[in-house]
Amino acid sequence: QVQLVESGGGLVQAGGSLRLSCAASGRPLSLYVMGWFRQAPGKEREFVAAISRRADSTNYGDSVKGRFTISRDNRKNTVNLQMNSLKPEDTGVYYCAATVTFLISAQEDDYDYWGQGTQVTVSS
């Protein structure tokens with residue numbers, strides 16, 4: 001079983017940038033497709049991005065395409081989410097997730113392991 005811990009959240013002004021990290025332990029990160037999801041207050045959890053095991057394929061939610069970039073370093077057991085041109089609507093708790101499937105899925109139910117989340121707040 002893999003354990004996931006997110007970091008890098010915080011408060012940023014609109015137009016700014018943040019870089020989130022997810023550190024994995026317990027099992028090699030290379031065994032998993034990795035994803036990021038977010039949840040704003042009062043809303044459903046939303047898919048943000050996902051990356052294949054070897055980082056040769058990615059998938060992004062429509063609302064973040066062109067602004068966010070997901071990456072991974074399997075040697076360091078980390079997954080990152082670079083977030084640029086942030087908007088107030090990007091505010092929420094961001095979760096790192098891992099799945100043993102081969103699909104770079106956008107479906108929350110496909111993910112087997114979750115971190116505790118890190119808060120991102122974008123002020124206008």
Side-chain angles (χ1 to χ4, degrees):
Q1 184 170 345
V2 65
Q3 291 80 45
L4 304 172
V5 178
E6 303 94 337
S7 62
L11 173 64
V12 64
Q13 289 188 329
S17 298
L18 277 177
R19 184 177 177 86
L20 304 184
S21 292
C22 173
S25 62
R27 298 201 74 188
L29 191 69
S30 59
L31 296 177
Y32 304 96
V33 166
M34 299 299 297
W36 285 95
F37 290 77
R38 68 187 182 188
Q39 188 167 21
K43 294 188 176 181
E44 298 286 322
R45 199 176 310 194
E46 175 189 19
F47 171 71
V48 175
I51 189 167
S52 61
R53 286 174 169 77
R54 297 183 179 181
D56 52 3
S57 186
T58 57
N59 186 16
Y60 292 93
D62 289 341
S63 61
V64 306
K65 282 180 182 176
R67 299 187 298 122
F68 290 12
T69 302
I70 189 171
S71 62
R72 67 190 295 161
D73 186 338
N74 287 340
R75 295 169 301 175
K76 295 181 179 180
N77 271 357
T78 58
V79 179
N80 299 306
L81 184 69
Q82 178 66 42
M83 306 187 295
N84 298 330
S85 302
L86 283 161
K87 305 175 182 179
E89 51 263 44
D90 294 318
T91 294
V93 178
Y94 282 68
Y95 298 91
C96 174
T99 176
V100 297
T101 69
F102 288 93
L103 299 174
I104 42 172
S105 176
Q107 301 302 314
E108 178 180 351
D109 289 346
D110 286 337
Y111 287 81
D112 307 292
Y113 306 101
W114 294 82
Q116 293 300 306
T118 185
Q119 176 70 45
V120 171
T121 304
V122 184
S123 63
S124 57

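Just so you know, these numbers use all the heavy atoms, side chains as well, and skip hydrogens, waters and symmetry mates. The structure displayed is predicted, hence computed values, not measured ones.
Ser124 OG to Glu89 CD: the interatomic distance, rounded to the nearest 0.5 Å, is 10.0 Å. The distance from atom CD1 of Ile51 to atom CG of Leu81, rounded to the nearest 0.5 Å, is 10.0 Å. From Thr58, atom OG1 reaches atom NZ of Lys65 across 9.5 Å, with rounding to the nearest 0.5 Å. Here the CZ atom belonging to Arg54 is positioned 9.5 Å from the OG atom belonging to Ser30, to the nearest 0.5 angstrom. Thr121 OG1 to Leu11 CG: the interatomic distance, rounded to the nearest 0.5 Å, is 6.0 Å. Separation of atoms CD (Gln3) and CG (Asn77) is listed at 11.0 Å; rounding is to 0.5 Å.
By the rule that hydrophobic residues join a cluster once side-chain heavy atoms approach within less than 4.5 Å of another member, Leu103 and Val33 end up as members of separate clusters. The same ILVMFWY cluster, assembled from side-chain heavy atoms under 4.5 Å apart, contains both Tyr94 and Tyr113. Linking ILVMFWY side-chain heavy atoms closer than 4.5 Å, directly or via other members, places Val2 and Val79 in a single hydrophobic cluster. Under the 4.5 Å side-chain heavy-atom criterion for ILVMFWY residues, no single connected hydrophobic cluster contains both Tyr95 and Tyr60. Under the 4.5 Å side-chain contact rule for hydrophobic residues, Ile70 and Ile104 do not share a cluster.
Side-chain atoms of Glu6 come within 3.5 Å of backbone atoms of Gln116 as a donor-acceptor pair (strictly under, hydrogens ignored). At least one donor-acceptor pair under 3.5 Å links the side chain of Arg53 to the backbone N or O of Val100. The main-chain N or O of Val122 is found under 3.5 Å from a side-chain atom of Thr91 such that the two form a donor-acceptor pair.
Under the 30°/60° scheme for interplanar angles, the aromatic rings of Trp114 and Phe37 are found to be tilted.
What you find for Asp110 and Ser105 is that their closest heavy atoms are OD2-OG, 2.5 Å. Residues Ala24 and Leu29 share a closest heavy-atom pair of CB-CD1, 3.5 Å. Across Met34 and Cys96, no two heavy atoms sit closer than the pair CE-SG, 3.5 Å. Of all non-hydrogen atoms in Phe47 and Gly61, the two that sit nearest each other are CE2-N, 3.5 Å. The two residues Ala106 and Asn59 come nearest to each other via the heavy atoms CB-ND2, 4.1 Å. Here the closest heavy-atom approach between residue Ser85 and residue Arg67 is recorded as O-NH1, 2.9 Å.
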- Apply the test side chain to side chain contact (heavy atoms under 4.5 Å, CB included) to residues Val48 and Met83: give CA-CA distance (whole Å), side-chain angles for both, the deciding distance (0.1 Å), then the verdict. CA-CA 11 Å; Val48 175; Met83 306 187 295; over 6 Å; no

- Query: Is there a side chain to side chain contact (heavy atoms under 4.5 Å, CB included) between Leu86 and Phe68 once you walk through the steps?
  - Reply: CA-CA 9 Å; Leu86 283 161; Phe68 290 12; 3.8 Å; yes

- Task: Report the C-alpha separation of Gln13 and Ser123 in whole Å, then their side-chain angles, then the decisive distance to 0.1 Å, and conclude whether the side chain to side chain contact (heavy atoms under 4.5 Å, CB included) test is met.
- Result: CA-CA 5 Å; Gln13 289 188 329; Ser123 63; 3.7 Å; yes

- Message: Quick one, Leu4 with Cys22, criterion side chain to side chain contact (heavy atoms under 4.5 Å, CB included). Give me CA distance, side-chain angles, the key distance, then yes/no.
- Response: CA-CA 6 Å; Leu4 304 172; Cys22 173; 3.9 Å; yes

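Under the 3.5 Å distance criterion, with hydrogens and angles disregarded, no donor-acceptor pair is assigned to the side chains of Asn80 and Gln82.
Every salt bridge (charged side-chain N to carboxylate O under 4.0 Å, His left out) that Arg38 has, sequence neighbours left out, goes to Glu46, Asp90.
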